[in-house]
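Here is the structure we will look at.
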Amino acid sequence: MDPNLDFMVMTHSTIKQQTDTQVTLSQLSTVTDQKLVEYLRYSYRFSELTALAEAADLVVKLCQHYRIDVSDEECQVVGDRFRLEHNLLEVSATIQWLKEQRITLSDWSEGIKLKLLEQKLKEHLFGASVDAHYISHRQEYQKVALSQILVFDYDTALDIKQSLLAGTKSFCTLALEHSKDKQTYANGGFLGIIYLSQLASEVQKAIINQPVGTIIAPIQTTFGYRIFRIEKWFPIEFKDFIREEILETLWQSWRKEHKNSKLSEI
Amino acid sequence: MKLIDLNPLIPNKIEQTVDVPKKQPSASDFSFYRKLGRTDLMVSCLGLGGGKRISSEDTLYAFDRGINYFFYSSDLHHHLYSSMGDALRKLCGRGSSSREKVVLATVTYMVKSPEAIVASLLDQFIDLKMDYIDVFFWGWIDTGNEAAFKNCLSASNDLRGPNSVYQRTIERMFETSERMKKMGIVRYIGASFHSLDLAHQWLNSPLLDVIMVRHNVAHRTAQTKVFAKLDSQDPQRPGIVTFKTCGMGSYLWEAPPVLPASCWIPSCPDLYRYSLSQNNVDIALAGWTERKHIDEAIAGIEKGPLTPEELDYFDLYGDLHRQRLKKEEIPRHRLIYHS
């Protein structure tokens, strides 16, 4: 027996008591598929995985319905890209990886095919409308980094604004001295990077087209008077990950909406 | 799925797509082909704009002579540009074997918002039946449309490169191609400035790859407001294209009334040389109307850049065109005489 392993076994007395002392830890960790299913049941993850499996099944059926297919070449491109990105360049390394995943090459291919089908389905259902919405509502995708100070009375807000314009105190100092907003107080007033569309319309109107560093104040909102400073504007850009997030959201909504629909009704 | 050993990943950079030029004029200090600023485009230092109704036959002749930069409008003055359309469809249309040898620049003067870009692009793609545009220009940028320009320019990252939102939209309307997939519908963004102050303001914008300005011997403000503000060694500087090199409103190849007799009267090719002799100017855009002009221009470029003395004389010549000096005020030592 490996002396290190011997030490491990000695220290894990509970394991030692339950098992043959001649069996290694790696052998102990061998789990059959049956045991895996049992584990998922008693760790309360069965329903979560069932939902995912149902979603996958729905993707396949909808793709059949819409005549969406994936070619072997497309799967090959995605598979090769995955291997390149994960440094599985050699066949032997890939086979070892498949073994570790407890799947066959065929299982992996099916998984890739399913992902591609899901992408194509989302694209088929929502791609054009997502792009068209973006092109027509680009301003909603404008991101800005903002700091804010929230106070309850107008006069204090005006005093803070004057201090900021005079440069006698920093925004951070004034936020720590006066701000009543718990979320941003600890960050010296920094609100974060947010989409313009997430802001109340009166705030949007006040900050749009204003240069970086501008102090916007005071704006009356439900909770009091807010003083904003524009930290940075970000170029509007429809990055892939944003688009994928939107497609996923639409897909989830679509599934809820059509939960009780028949394929023929879709 | 097949498993075979793979080669390591090499950074995916779009290859230089403009082929090695077929023509390399000799006996010249000018590099006839040069990299257009920070773009990957190799361009001829003379470009051909279609605003003077050049025929398609002569456009193809220019290409055969080594000109590879073509400027085309699908909206304003389209009736003028359309006469070169057949040539551009032949060179840049789908399936063309010459596409990678051409740098196609198109311009829109009418679009005032990012929302309207799709319609303009679609017009251009239908008109030229092409896969992609090398440089998409915003045209006639002046103080009057500054806000609209800024708004349009904010869409640069949605326009440039493969798989952009505008590409997907055009693909749905116009059918895609392997070339379009690979290159995107637009490779680079340019702007044609009529206001040099605005050109100066946008010189270092990451949203703008190519800047086009008016410049000639009589209108030299671009030299101080634009060219001098760029570092010729900076690989990230924008590409610079000049236009109206032979005159705007007046014909600079005709002698001003006060020019002393026997003084050098620059020809159009000389005037292109003047613009191309300025630091950081990559292309002088020409409005040729016939192939004789093309031959003359190329022959002129083969003479190389103007000397400092010649440049000084051209400045004086330009001032005389602008009537900035009376005849008796002309400094004789700056004159150059040609027999």
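If you're wondering where the values come from, they're calculated on a predicted model, not measured in any experiment. Each chain gets a letter, A, B and so on, in the order its sequence line appears, and its residues count up from 1.
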Of the backbone (N, CA, C, O) and the side chain (C-beta and beyond), which part of [X] lies under 4.5 Å from a heavy atom of chain B, both, or neither?
| X | value |
| --- | --- |
| A:Phe238 | both |
| A:Gln139 | side chain |
| A:Glu110 | neither |
| A:Asp72 | neither |
| A:Leu105 | side chain |
| A:Arg243 | side chain |
| A:Ser109 | both |
| A:Asp240 | side chain |

Salt bridge [X]-[Y], side-chain N to carboxylate O under 4.0 Å:
| X | Y | value |
| --- | --- | --- |
| B:Glu146 | B:Lys150 | no |
| B:Arg38 | B:Asp209 | yes |
| B:Arg168 | B:Asp158 | no |

Top of [options] for chain B proximity - count of heavy-atom pairs under 4.5 angstrom:
| options | value |
| --- | --- |
| A:Glu73, A:Arg81, A:Gln76, A:Glu90 | A:Gln76 |
| A:Lys113, A:His137, A:Glu237 | A:Glu237 |
| A:Thr94, A:Ile236, A:Asp80 | A:Asp80 |
| A:Ala128, A:Cys75, A:Ser136, A:Gly79 | A:Ala128 |

Give the minimum heavy-atom separation between [X] and [Y], together with the two atoms involved.
| X | Y | value |
| --- | --- | --- |
| B:Asn151 | B:Ser154 | O-OG, 2.5 Å |
| B:His215 | B:Thr242 | CB-CG2, 3.9 Å |
| A:Cys63 | A:Leu121 | SG-CB, 4.0 Å |

Between A:Ser147 and A:Glu231, a side-chain donor and acceptor under 3.5 Å: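 A:Glu231 and A:Ser147 do have a side-chain donor-acceptor pair below 3.5 Å.
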
Out of curiosity, B:Gln201 CD to B:Asp197 CG, how far, rounded to the nearest 0.5 Å?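 One finds 8.5 Å between CD of B:Gln201 and CG of B:Asp197.
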
Out of B:Ser164, B:Ser156, B:Ala155, which one racks up the most heavy-atom pairs below 4.5 Å with chain A? B:Ala155

Are A:Trp97 and A:Phe82 an aromatic pair by the rule of ring centers under 6.0 Å?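 Distance test on ring centres: under 6.0 Å, yes.
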
